[in-house]
Amino acid sequence: YDRDIVDAEFEIWLRNFSSWCKSAKIQATGRAALIDALERYVDFQDACGLSDRSFLKAAVFRMLLQNCQRGNERLVEFLTDLI
């Protein structure tokens with residue numbers, strides 16, 4: 001999965017997250033807002049179940065969420081800029 005799917009589609013998933021945030025009118029004005037957006041996106045992907053590899057997307061974004069919660073400021077800045 002890692003090599004064949006996650007590596008190949010990670011940038012697309014980031015763009016999808018950005019588009020989802022824009023369509024939901026989510027503005028990441030800080031770390032707390034970004035964490036909230038990530039939590040909502042993970043819930044959305046979980047609700048999609050197995051369709052369109054949503055279970056993998058949810059796992060990847062859950063990992064990103066955990067790293068942001070742990071204070072990875074570089075990642076927070078990257079994802080905030082993405083939104």
Side-chain angles (χ1 to χ4, degrees):
Y1 284 119
D2 192 31
R3 183 195 72 225
D4 294 336
I5 297 170
V6 176
D7 286 349
E9 297 190 24
F10 185 67
E11 287 184 39
I12 294 167
W13 292 355
L14 289 175
R15 283 194 302 271
N16 290 343
F17 173 64
S18 176
S19 296
W20 179 86
C21 288
K22 288 175 183 159
S23 70
K25 297 185 181 5
I26 295 172
Q27 296 179 357
T29 55
R31 190 172 144 220
L34 173 64
I35 287 171
D36 181 59
L38 286 167
E39 287 172 340
R40 290 175 57 190
Y41 194 66
V42 167
D43 289 344
F44 170 72
Q45 292 301 326
D46 282 339
C48 291
L50 299 177
S51 67
D52 192 31
R53 298 185 179 113
S54 290
F55 68 101
L56 289 175
K57 290 180 199 177
V60 167
F61 279 90
R62 196 173 287 111
M63 182 260 316
L64 294 173
L65 169 62
Q66 290 172 350
N67 279 284
C68 289
Q69 289 172 324
R70 291 182 184 140
N72 184 330
E73 291 304 319
R74 187 173 172 198
L75 181 59
V76 168
E77 183 178 330
F78 172 76
L79 292 174
T80 300
D81 289 345
L82 187 68
I83 295 173

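- In this structure, the separation between CG on Asp43 and CZ on Arg62 is 8.5 Å, given to the nearest 0.5 Å.
- Going from atom NZ of Lys57 over to atom SG of Cys48 covers 7.5 Å, rounded to the nearest 0.5 Å.
- By the neighbour-count criterion of 12 heavy atoms within 6.0 Å, atom CD of Glu77 is sparsely surrounded, having that number or fewer from other residues, nucleotides or ligands.
- Across all non-hydrogen atoms, the minimal contact from Ile26 to Ile83 is O-CG2, 3.5 Å.
- The shortest distance between side-chain heavy atoms of Leu56 and Glu9 does not fall below 4.5 Å.
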Where do Leu14 and Phe61 land on the side chain to side chain contact (heavy atoms under 4.5 Å, CB included) test, with the steps shown first?
-> CA-CA 9 Å; Leu14 289 175; Phe61 279 90; 4.3 Å; yes
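- Expressed to the nearest 0.5 Å, how far CZ of Phe10 lies from CZ of Arg15 amounts to 11.5 Å.
- The aromatic rings of Phe17 and Tyr41 sit perpendicular, their planes meeting at an angle over 60°, well past the 30° parallel limit.
- Note that CG of Asn16 and SG of Cys21 are 11.0 Å apart. Values are rounded to the nearest 0.5 Å.
- The nearest pair of heavy atoms linking Leu79 to Leu64 is CD1-CB, 4.4 Å.
- Side-chain contact between Val60 and Phe55 is absent, with no heavy atoms from C-beta onward closer than 4.5 Å.
- Atoms CD and CG, from Gln45 and Leu38 in turn, are 11.5 Å apart once rounded to the nearest 0.5 Å.
- Residues Leu82 and Lys22 come closest through the heavy atom pair O-NZ, 4.4 Å.
- Side chains of Thr29 and Thr80 form no contact here, defined as non-hydrogen atoms less than 4.5 Å apart.
- Within a 6.0 Å sphere centred on CD of Gln27, other residues, nucleotides and ligands contribute 12 heavy atoms or fewer.
- Between Asn72 and Phe78 the shortest side-chain heavy-atom distance does not fall below 4.5 Å.
- When all heavy atoms of Arg31 and Gly71 are compared, the pair lying nearest together is NH2-N, 4.1 Å.
- The CD atom of Gln69 sits 10.0 Å away from atom CG of Leu34, with the distance rounded to the nearest 0.5 Å.
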